[in-house]
Amino acid sequence: MEDKRLIDVIRKKVKLKTTHKRYRHIEGVVTSAIWLANRYGADVYLAEIAALLHDYAKNYTKSELMHLADKFNLKLDPILTNAYQLLHGKIAAKMAQEEFGITNQDVLAAIEFHTTGRPDMSKLEQIIYLADFIEPGREYADVDTLRKLSEDSLERAVFTALNNTMIYVLKTNKLLHPNTLDCRNKMLINNPSLADIS
Ligand SMILES: [Fe+2]
Ligand SMILES: [Fe+2]
């Protein structure tokens with residue numbers, strides 16, 4: 001059931017907790033997520049909640065994230081321990097439960113997996129994953145190509161965003177989380193025509 005007061009409570013807390021710059025990014029993700037939800041027939045209310053909370057743990061330092069991971073009993077793989085920034089989605093999902101009583105599993109998964117993706121993402125998960133890349137404040141080469149693709153096909157846009165992420169991760173010698181690769185491969189297995197994207 002929709003609860004506009006919950007959205008207000010979350011928005012106020014997010015604003016207090018984040019920097020001005022990050023808050024602008026978060027509101028950009030809200031805008032893009034609502035647009036994508038309308039366009040592709042997902043729940044707009046749930047998209048707004050997930051978008052508002054997706055970076056709720058992004059301001060934490062490595063030691064704070066590790067402490068919270070411990071507190072929430074998260075199982076960490078070696079990639080998450082080393083590329084600790086990847087942890088902020090998992091921790092934000094736990095905080096969404098604890099601080100705001102969010103129990104909707106789709107919302108929690110969209111928050112949790114927005115950094116890495118995972119195989120067989122739901123529509124809402126794909127929307128939050130993609131909104132993070134195309135929100136109006138983002139400026140990087142090819143962002144307009146991805147925005148254009150987002151108008152035509154959620155699936156193609158997410159697939160392209162996964163490819164772009166992997167290219168960036170490899171070029172900058174960062175750790176690649178297996179969820180990102182598995183997600184990308186599974187999409188291509190399910191829909192071989194994705195290979196035709198130029
Ligand atoms: Fe994030
Ligand atoms: Fe983000």
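Just so you know, residue 1 is the first one in the sequence shown, and it goes up from there. What's counted below: heavy atoms across the whole structure, side chains too, no hydrogens, waters or symmetry copies. In each ligand, atom 1 is the first atom listed, and ligand 1 is the first ligand listed. All of these numbers come straight from a predicted model, not from anything done at the bench.
- Judged by a 6.0 Å distance limit and a 45° cone about the ring axis, Lys17 is positioned over the six-membered ring of Tyr56.
- Taking a cut-off of 2.8 Å, the protein N, O or S atoms nearer than that to the Fe ion (ligand 2) are His25 NE2, His54 NE2, Asp55 OD2, Asp132 OD1.
- Comment: Arg147 does not engage Glu135 in a salt bridge, judged by the lack of any side-chain N to carboxylate O separation of less than 4.0 angstrom.
- A search for side chain to side chain contact (heavy atoms under 4.5 Å, CB included) contacts involving Glu27 returns Arg11, Tyr23, Val30, Leu52, not counting sequence neighbours.
- Residues satisfying the side chain to side chain contact (heavy atoms under 4.5 Å, CB included) criterion with Gln85, sequence neighbours excluded, are Ala83.
- With sequence neighbours left out, Asp120 forms a salt bridge (charged side-chain N to carboxylate O under 4.0 Å, His left out) with Lys186.
- In this structure, a donor-acceptor pair under 3.5 Å is absent between the side chains of His88 and Asn59.
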